[in-house]
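Bear in mind that the values here come from a model prediction, so they are computed numbers and not experimental data.
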Amino acid sequence: MKLHVRMLEKLIEIPECPADSAGSSPLRHLLDDIGLEVKGVDVTPEKGVIFTIETLANRGDHLSTVGVARELSARTLAKVGMPSVAGQLSDRKASILVRRQTDACSRYALLEMSLPSPMPLRNDVAAYMDEPGKHHAIVDLLNYVQMEMGQPMHAFDASKVEGEIIVELSTAAEEIVALDGKTYRVPEGSILIKDRKKIIAVAGVIGCANSMVTEGTTKVCIEAAVFDPVRVRITARAMGLSTDASYAFERGVDPEGIVPALKRLVYLAGGSAGTAKDTEGAHVIGYTYSESTAPEKRKVKVLLSWLKRQLDLPRLEELEVVTRFKNLGYAVDVAAASGKDKELSLTVPSWRLYDVQNVDDVLEDLGRSVSFNRARQVLPPLSYELAERHPVESLSQTIRPALRGAGFVEIISRGFYSAQEVALLEGLSRGATAKHVALKNSLEASNSHMKHTNVLHLATILAANLKRGVTNPKIYDITRVFSSPSEPVAATPRQREALEYDYEHDVLTFASAGRWNEGEWRKGESVEEHARLFKGVVAGVVKALGSTLSVGKSEHPYLHPGMQASIKMGRNVVGVFGVIHPAIRQHCDLRVDAFYAEMDARLLCKHMTTTSGVHVSDFPAITRDITLQVERKEQAGRVLRLVKEAQIPNLSDTSIVDDFHKSGEDFRRVTYRMTFQSAERTLKHDEVDAAMTGLLGSLQEKHGVQMAV
């Protein structure tokens, strides 16, 4: 918001703000301190000092000079002099009928005025316009009143309005030519202002060129209304527009600000105090007003002692508290409470109904007006009782060592994907679309649906890492997936279990592609070998939860048919793993086979609570490959048994990675992979080398097994 200091000076006595040092002036520091952060300072000879104020999404009242003056009044206790307004509008109805057909417009006023031709612009208004004279004087007056009082208004050329004005919701997408000459597509469900033949404005966003005011206009219809903030926001974003009006309506305008704003306009347009003498002003012809219900008279009751205690200001006087609340616009009634305490009954002003709900909100208002710098910064006493850990958090800490020890890196995946990806899943599993939760107001088309599975995101991340040269990407994520409930959700709140949700639940997902181990000279593992290694990680997770893995048949639609299995803990199926479906691979531009596992965190947590977990090391593993001579008719698995019987320290796993017979030799060359990993520390390469030397010596001395040359 642009705050003109000269305009502010007309309403309230303010601290010094010299033009040559406005950026460090007392006024600038005061604005920052009451929560109106100054993001920029401009100084011009014509307009003086202009502050750019950062406004909050729920404080539409700060988008006006009067709103800022109220905040300053609450701090400095100086009186606000409200702008002069006309005594009344008109007892006659406007000649154009108004039909308000939607409660998304809770209030609508139409002021019919005749304009002089030509109509000069007042000097005291022109001083604040960026380009005075570019628009008709009545348009500049409307912009000035919005800057001053915060109520957006719009002017229609009355001669271009055919028959009546209708306020309604659109039932289909429409196209308009706006005031800026550009064509826009207005989405279904937008609030439209129409006459009998055409759309003349998109409510709260922009007017149409077909009813715009020109220099030849002699009669106008001034619209002042209150539109639903959410609908205005949805419409403006869909149109790719952000106007001064939409910015204000999105944050909420004062539902009782229409009449004062129109009276201010009538006063300024009447020709007094600024235009040349004896110049004819504008005149009111008729006035029509329609509303749904009167604004809520919300009351918040709070004890004076509680306010003092929360701000740590025990000497704060009742008179000061009441005065500050009144200067902010609250109506205050004081009643005796227990002992010497007082209870304040605060009626929330109409312009604060969007954000003031409870005692915490009024405490914040008082704190800003008093200044939080007055409150002593004393930390509250600490409680050394630890909050109960959520089951999913306990699950994460239990299984993390198993995944990290296998080389998996934790990531955070997005919670959304696009309608195109939903269509892909629908092609693999009929009915998948109905299971998804679709967003009505997504910021981007790529984020139109909440994810129902994490396979798309993990496959995309694997593909991106492979393209960057990562040869063995391994990732995992404990994430939340979403689905539409099969039955309507109960409207009545009820107590829920820690893992009970209506639309969502947590899953453990992990995936890998490419080589299993980094930096190997040999070619990558076959799909079968990768499957065995990936299954070992699944088994490690299950082992960490204190159970033993068993697998069964699976027909998961997002995995490759015939290359997948269900994950069982005891008799319970808790998830599935396998090769990612080729259609998903192609969509994600993943050019190699990749493995994916998804396990229901609810089932894992329930199983974990009834079993004792087994610690799995997350210290890095060291691998060594050795090629041994094995007789042609001897089983290679015998050597695995011999290695296990040798009981080599820190040897956690041994597997066969290659079996080769060279023509003319009476033995086979079998390559074994030895994996060393400690549960207490990171191993050193020299101690692993020593262990390998001892193992080879033992195999040769006791069993006659030699290394292949």
- Locate the shortest heavy-atom distance separating Tyr184 from Leu241; write the atom from each residue and the value. OH-CD2, 3.5 Å

- Query: Roughly how far apart are Phe227 CZ and Ser106 OG, rounded to 0.5 Å?
  - Reply: 9.0 Å

- Thinking salt bridges, do Arg681 and Glu687 make one under a 4.0 Å N-O criterion? yes

- Hey, are the side chains of Ser678 and Phe619 touching, using non-hydrogen atoms and a 4.5 Å cut-off? no

- Query: What pairs of residues pass the salt bridge (charged side-chain N to carboxylate O under 4.0 Å, His left out) test when at least one of them lies in residues 228-242, not counting sequence neighbours?
  - Reply: none

- Judged by atom type as modelled, is there a donor-acceptor pair below 3.5 Å linking the side chain of Tyr354 to the main-chain atoms of Val253? yes

- Query: Which side-chain hydrogen bond (donor to acceptor under 3.5 Å, both in side chains) pairs, counting each pair once, include a residue from residues 548-557, with sequence neighbours left out?
  - Reply: Ser554-Gln564

- Only pairs at least two apart or in different chains count here, so list each salt bridge (charged side-chain N to carboxylate O under 4.0 Å, His left out) that has a residue in residues 578-601. Lys467-Asp589, Arg585-Asp593, Asp589-Arg591, Asp600-Arg602

- Between the side chains of Tyr672 and Thr627, is a donor N or O closer than 3.5 angstrom to an acceptor N or O? no

- Query: Which is it for Met563 and Val527 under the side-chain contact (heavy atoms from CB on, under 4.5 Å) test, yes or no, and what are the steps along the way?
  - Reply: CA-CA 10 Å; Met563 301 179 71; Val527 175; 3.4 Å; yes

Show me, pair by pair, the donor-acceptor contacts under 3.5 angstrom made by side chains of residues 425-435, not counting sequence neighbours?
{"unit_1": "Glu426", "atom_1": "OE1", "unit_2": "Gly431", "atom_2": "N", "d": "3.3"}
{"unit_1": "Glu426", "atom_1": "OE1", "unit_2": "Ala432", "atom_2": "N", "d": "3.0"}
{"unit_1": "Glu426", "atom_1": "OE1", "unit_2": "Thr433", "atom_2": "N", "d": "2.8"}
{"unit_1": "Glu426", "atom_1": "OE1", "unit_2": "Thr433", "atom_2": "OG1", "d": "2.9"}
{"unit_1": "Glu426", "atom_1": "OE2", "unit_2": "Gly431", "atom_2": "N", "d": "3.0"}

- Consider only side-chain N and O atoms of Asn447 and Ser442, and report whether a donor and an acceptor are under 3.5 Å apart. no

- Please round to the nearest 0.5 Å and tell me the distance separating atom OG of Ser396 and atom CG of Asp477. 10.0 Å

- Task: Using modelled atom types only, decide if a donor and an acceptor are shared between the side chain of Thr671 and the backbone of Ile626 within a distance under 3.5 Å.
- Result: no

- Message: Quick one, Leu56 and His62 - any side-chain contact, counting heavy atoms below 4.5 Å?
- Response: no

- Message: Under the criterion ring-ring contact (aromatic ring centres under 6.0 Å, His included), I'd like the reasoning laid out for Phe482 against Tyr503: C-alpha separation, chi angles, the key distance, then a yes or no.
- Response: CA-CA 6 Å; Phe482 304 83; Tyr503 292 91; 9.0 Å; no

- With a 4.0 Å cut-off, would you call Arg59 and Asp61 a salt bridge? yes

- Hey, does the side chain of Asn358 reach the backbone of Asp361 with a donor-acceptor pair shorter than 3.5 angstrom? yes

- Query: Step by step, would you call His390 with Leu395 a side-chain contact (heavy atoms from CB on, under 4.5 Å)?
  - Reply: CA-CA 9 Å; His390 191 276; Leu395 172 68; over 6 Å; no

- Task: Decide yes or no for Met599 and Val507: does some side-chain heavy atom of the first lie under 4.5 Å from some side-chain heavy atom of the second?
- Result: no

- Distance in Å, Ile475 CD1 paired with Ile461 CD1, rounded so as to fall on 0.5 Å steps: 4.5 Å

- Item | Between CG on residue Leu456 and SG on residue Cys588, distance to nearest 0.5 Å | 5.0 Å

- Item | Test side-chain hydrogen bond (donor to acceptor under 3.5 Å, both in side chains) applied to Ser446 - qualifying residues, sequence neighbours left out | Glu444

- Item | Set of side-chain hydrogen bond (donor to acceptor under 3.5 Å, both in side chains) partners for Arg368, sequence neighbours left out | Glu364, Asp365

- So, does His457 use its side chain to make a donor-acceptor pair with the main chain of Arg414 at under 3.5 Å? yes

- Phe510: ring pair (Phe, Tyr, Trp, His ring centres under 6.0 Å) partners, not counting sequence neighbours: Phe408, Phe534

- Item | CG-CD distance between Asn472 and Glu525, expressed to the nearest 0.5 angstrom | 9.0 Å

- Side-chain contact, heavy-atom cut-off 4.5 Å: Tyr476 with Thr509? no

- Nearest non-hydrogen partners of Met569 and Ser547, listed with the distance: CE-CB, 3.8 Å

- Write down the atom of Gly514, the atom of Leu466, and the distance for their closest heavy-atom approach. CA-CD2, 4.4 Å

- Considering all heavy atoms, the nearest Val576-Ala565 contact: CG2-O, 3.2 Å

- Assess the side chains of His449 and Ser418: does a donor N or O sit below 3.5 Å from an acceptor N or O? no

- With sequence neighbours left out, the residues meeting ring pair (Phe, Tyr, Trp, His ring centres under 6.0 Å) with His581 are none

- Query: Is the shortest heavy-atom distance from the side chain of Trp516 to the side chain of Lys474 under 4.5 Å?
  - Reply: yes

- Item | Within 6.0 Å of CD in Gln586, more than 12 heavy atoms from elsewhere | no

- Query: ring pair (Phe, Tyr, Trp, His ring centres under 6.0 Å) with His452: which residues, sequence neighbours excluded?
  - Reply: His436

- Query: Charged N to carboxylate O below 4.0 Å: is that the case for Glu410 and Arg400?
  - Reply: yes

- Task: Quick one: do Ile399 and Leu508 satisfy side-chain contact (heavy atoms from CB on, under 4.5 Å)? Show the steps, please.
- Result: CA-CA 10 Å; Ile399 56 92; Leu508 165 64; 4.0 Å; yes

- Task: Find out whether Leu603 and Val573 are in side-chain contact, i.e. whether some heavy atom of one side chain is under 4.5 Å from a heavy atom of the other.
- Result: no

- Excluding sequence neighbours, so at least two apart, what forms ring pair (Phe, Tyr, Trp, His ring centres under 6.0 Å) with Phe577? none

- With sequence neighbours excluded, tell me which residues meet side-chain hydrogen bond (donor to acceptor under 3.5 Å, both in side chains) with Asn58. none

- Item | Atom pair CG/CG of Asp653 and Leu640 - distance to nearest 0.5 Å | 9.0 Å

- Message: Could you tell me if the side chain of Arg624 sits less than 4.5 Å from the side chain of Val688, heavy atoms only?
- Response: yes

- Shortest non-hydrogen contact from Val205 to Ser246? CA-CB, 4.3 Å

- Message: So does Ala419 get a backbone contact from the side chain of Ser448, meaning a donor-acceptor N/O pair under 3.5 Å?
- Response: yes

- Query: Side-chain contact, heavy-atom cut-off 4.5 Å: Val551 with Ile567?
  - Reply: no

- Query: Just by distance, do the side chain of Ser190 and the backbone of Val186 share a donor-acceptor pair under 3.5 Å?
  - Reply: no

- Would you check if the side chain of Arg251 reaches a backbone N or O of Tyr247 as a donor-acceptor pair within less than 3.5 Å? yes

- For Asp244, the salt bridge (Lys or Arg N to Asp or Glu O under 4.0 Å) test, sequence neighbours excluded, returns none

- Does a donor on one side chain sit under 3.5 Å from an acceptor on the other, for Thr479 and Asn454? no

- Message: Whether the side chain of Ser170 engages the backbone of Gly189 through a donor-acceptor N/O pair (distance < 3.5 Å, no angle test) should be reported.
- Response: yes

